[in-house]
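Remarks on the structure that follows.
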Amino acid sequence: MIEVRHLTKRYGVHAAVSDLSFTIDRGMIYGFLGPNGAGKSTTMNMITGCLGATDGEVLIDGHSIMEEPMQAKRLIGYLPEQPPLYTDMTPEEYLRFVLKAKGVARRDWDVQLKTVMEKTRIEDVKDRLIRNLSKGYRQRVGIAQALLGNPEVIILDEPTVGLDPKQIIEIRSLIQELGHGHTIVLSSHILSEVQAVCDSIMILSKGKLVASDTAENLTALFAGAVTLSLETRATAEEAQEILKPIQGLESVEAHSGEDGITRISAAQAQGVDAREALSMAFAQAGKPLLELHSQRASLEDVFLELTQGEAGEPAAEPTGKEATGK
């Protein structure tokens, strides 16, 4: 449905997006996951044709977003991070304005209005001024305008940002419902959000794609590492000697406290359970274990590992005039 080939966006020497290539298949929900400044919004703006690329190309069902913008954009509905709403209009007035702007035949207006308002559940507020609506309802109106014209692809940039927990649950549920009839691409820096609604996850860091797979595969892969936490009366040096011959420990950190207790963090190789060997080793050395428990690496831990790396935090994306290219 969408092919992104070697997509790059530079601002001077800074590369906001660098050589991105991926394919989005029809009928699935995809999530762009990454920290602030990772290049998610820049990528979405280039996919939708709102921002020109420095290099590369984007094809929407075979149509180039740069060379055939009219054909390509008819297939896309887009909700930016800040919904493009006119707050002095009612939702119905605004949606009629969008229908006209999108060139939808007037004979289809009433049917499309009814359909998108039912899908987004804004019928009860259609005659209220948008400025008087809650943030959650404004997001719903923004999603409604993206649905007008019945596009095959719906692209949502941070659709739950600024919402309260109840509104977040409602918008996530709406996105899942829309996924039954559309291809959905959404961005977020919230791991739990992408994991909750997406069939496939793409993780961006510093403008590059660092991981791409289904949520299930990423969870299985990332949850493999196990860390053991121990407390003992042995000194840090004694603990290191006790642990040295134990198989399957990839790294060991031991620190003695002023209370006479040494606290140890030991990373296990995947598929290894060294707890029994640890218990026996400390017992044979005559050093009591006060605590021993294991903890699997969470998706949050792996996300941080993938998106920070040795270079530190990613650079912020350009904003304002620089971001729009004007």
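The figures here come from the full heavy-atom set of this structure, side chains too, leaving out hydrogens, waters and symmetry mates. Here, residue 1 is the first one in the sequence, and each next residue gets the next number.
No path of Ile, Leu, Val, Met, Phe, Trp and Tyr side chains, each step under 4.5 Å between heavy atoms, connects L59 with I47, placing them in separate hydrophobic clusters. If you chain together hydrophobic residues whose side chains sit under 4.5 Å apart, L129 and I122 never meet in one group. In terms of hydrophobic clustering, with Ile, Leu, Val, Met, Phe, Trp and Tyr side chains grouped at heavy-atom distances under 4.5 Å, L85 and I171 are assigned to a common cluster. One hydrophobic cluster, built from ILVMFWY side chains closer than 4.5 Å, cannot hold both L174 and V161; they sit in different ones. Hydrophobic clustering, with ILVMFWY side chains joined whenever heavy atoms are under 4.5 angstrom apart, groups M28 together with L209.
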Original post:
When you look at T8 and V17, which way does the side chain to side chain contact (heavy atoms under 4.5 Å, CB included) test go after all the steps?
Top reply: CA-CA 5 Å; T8 298; V17 172; 5.7 Å; no
Original post:
When you look at T23 and I2, which way does the side chain to side chain contact (heavy atoms under 4.5 Å, CB included) test go after all the steps?
Top reply: CA-CA 6 Å; T23 300; I2 299 178; over 6 Å; no
Subject >> From CA spacing to verdict: side chain to side chain contact (heavy atoms under 4.5 Å, CB included), V185, M44 >> reply: CA-CA 9 Å; V185 182; M44 287 189 157; 3.9 Å; yes
Original post:
Stepwise, does the salt bridge (Lys or Arg N to Asp or Glu O under 4.0 Å) test hold for D55 with R10?
Top reply: CA-CA 9 Å; D55 292 301; R10 298 189 188 92; 3.0 Å; yes
**OP:** Test salt bridge (Lys or Arg N to Asp or Glu O under 4.0 Å) on R26 and E152 and set out the steps.
**Re:** CA-CA 8 Å; R26 198 182 308 271; E152 294 189 39; 2.3 Å; yes
**OP:** Determine, step by step, whether Q139 and L163 satisfy the side chain to side chain contact (heavy atoms under 4.5 Å, CB included) criterion, reporting the C-alpha distance in whole Å, the side-chain angles of both residues, the deciding distance to 0.1 Å, and the verdict.
**Re:** CA-CA 9 Å; Q139 286 294 86; L163 302 184; 3.9 Å; yes
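Partners of E68 by side-chain hydrogen bond (donor to acceptor under 3.5 Å, both in side chains), not counting sequence neighbours, listed by chain and number: H63. Residues that satisfy the side-chain hydrogen bond (donor to acceptor under 3.5 Å, both in side chains) test with Q71, not counting sequence neighbours, are absent from this structure. Taking the side-chain contact (heavy atoms from CB on, under 4.5 Å) definition, one finds that E237 meets it with T235, sequence neighbours left out. Residues satisfying the side-chain hydrogen bond (donor to acceptor under 3.5 Å, both in side chains) criterion with S265, sequence neighbours excluded, are absent altogether.
Taken from CD in E123 to CD in E118, the straight-line distance is 5.5 Å, to the nearest 0.5 Å. Separating the CD atom in E158 from the CG atom in L186 is a distance of 9.0 Å, to the nearest 0.5 Å. To the nearest 0.5 Å, atoms CZ (F32) and CG (L156) are separated by 12.0 Å. T48 OG1 to M46 CE: the interatomic distance, rounded to the nearest 0.5 Å, is 9.5 Å. How far OG of S188 is from CD of E81: 10.0 Å, rounded to the nearest 0.5 Å. Taking CG from D157 and OG from S187, the interatomic distance works out to 3.5 Å, rounded to the nearest 0.5 Å.
Classification of K114 and E92 as a salt-bridged pair fails, no side-chain N sitting under 4.0 Å from a carboxylate O. Using a 4.0 Å cut-off between charged side-chain N and carboxylate O, K166 and D164 make no salt bridge. Salt-bridge formation is detected for the pair R96/D110: a Lys NZ or Arg NE/NH1/NH2 atom is positioned less than 4.0 Å from an Asp or Glu carboxylate oxygen. E238 and K287 are joined by a salt bridge, as a carboxylate oxygen and a charged side-chain nitrogen come within less than 4.0 angstrom of each other.
Judged by distance alone, the side chain of H293 and the main-chain N or O of S229 form no donor-acceptor pair under 3.5 Å. Listed for the R128 side chain is no donor-acceptor partner under 3.5 Å among the backbone atoms of T90. Listed for the Q112 side chain is a donor-acceptor partner under 3.5 Å among the backbone atoms of G149. The closest donor-acceptor contact from the side chain of E193 to the backbone of I190 lies at 3.5 Å or more, if one exists at all. The main-chain N or O of I169 is never found under 3.5 Å from a side-chain atom of S173 such that the two would form a donor-acceptor pair. Put simply, the side chain of K119 never gets that close to the backbone of A144: no donor and acceptor are under 3.5 Å apart. Side-chain atoms of E3 do not come within 3.5 Å of backbone N or O of F22 as any donor-acceptor pair. Counting only distance, with no hydrogens or angles, the side chain of E67 and the backbone of S64 share no donor-acceptor pair below 3.5 Å. Remark: side-chain polar atoms of N45 are not paired, donor with acceptor, to backbone N or O of C50 under 3.5 angstrom.
Counting only heavy atoms from C-beta outward, the side chains of D19 and K208 never approach each other to under 4.5 Å. Under the 4.5 Å side-chain criterion, counting only non-hydrogen atoms from C-beta, T232 is not in contact with L290. The side-chain heavy atoms of M202 and L33, taken from C-beta on, include no pair separated by under 4.5 Å. Inter-residue side-chain proximity for V116 and L148 is flagged as met; some heavy-atom pair is nearer than 4.5 Å. Using a 4.5 Å cut-off on side-chain heavy atoms (C-beta onward), I154 and L147 make contact. Taking 4.5 Å as the limit, every side-chain heavy atom of P80 sits out of range of all side-chain heavy atoms of Q82. Between H255 and E253, the closest side-chain pair of non-hydrogen atoms falls below 4.5 Å. For the pair R106 and L99, the minimum side-chain heavy-atom distance is 4.5 Å or more.
Taking both residues in full, the closest heavy atoms of Q268 and A274 are given as OE1-N, 2.6 Å, listed atom of the first, atom of the second, then distance. Of all the heavy atoms in L133 and P91, the pair that sits closest is CD1-CG, 3.8 Å. Pairing each heavy atom of V210 with each of S205, the nearest pair is CG1-CB, 3.9 Å. Here the closest heavy-atom approach between residue G34 and residue K40 is recorded as O-NZ, 3.0 Å. Looking at every heavy atom in both residues, A196 comes nearest to R172 through CB-NH1, 4.4 Å. The two atoms that bring D259 and R233 nearest to each other are O-NH1, 3.6 Å, heavy atoms only.
For the pair K135 and Y137, the cation-pi test (distance below 6.0 Å, angle within 45°) is failed.
Crowding of K102 atom NZ: a count of heavy atoms from other residues, nucleotides or ligands under 6.0 Å exceeding 12. Crowding of R263 atom CZ: a count of heavy atoms from other residues, nucleotides or ligands under 6.0 Å exceeding 12.
Screening residues 82-128 for ring-ring contact (aromatic ring centres under 6.0 Å, His included) gives Y86-F97 as the qualifying pairs, with residues at least two apart or on separate chains.
Looking at T262 and S256, their side chains do bring a donor and an acceptor atom within 3.5 Å of each other.
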Just distance, no hydrogens or angles: give the donor-acceptor pairs under 3.5 Å from side chains in residues 240-248, sequence neighbours left out.
unit_1 : atom_1 : unit_2 : atom_2 : d
E241   : OE2    : K244   : NZ     : 3.0

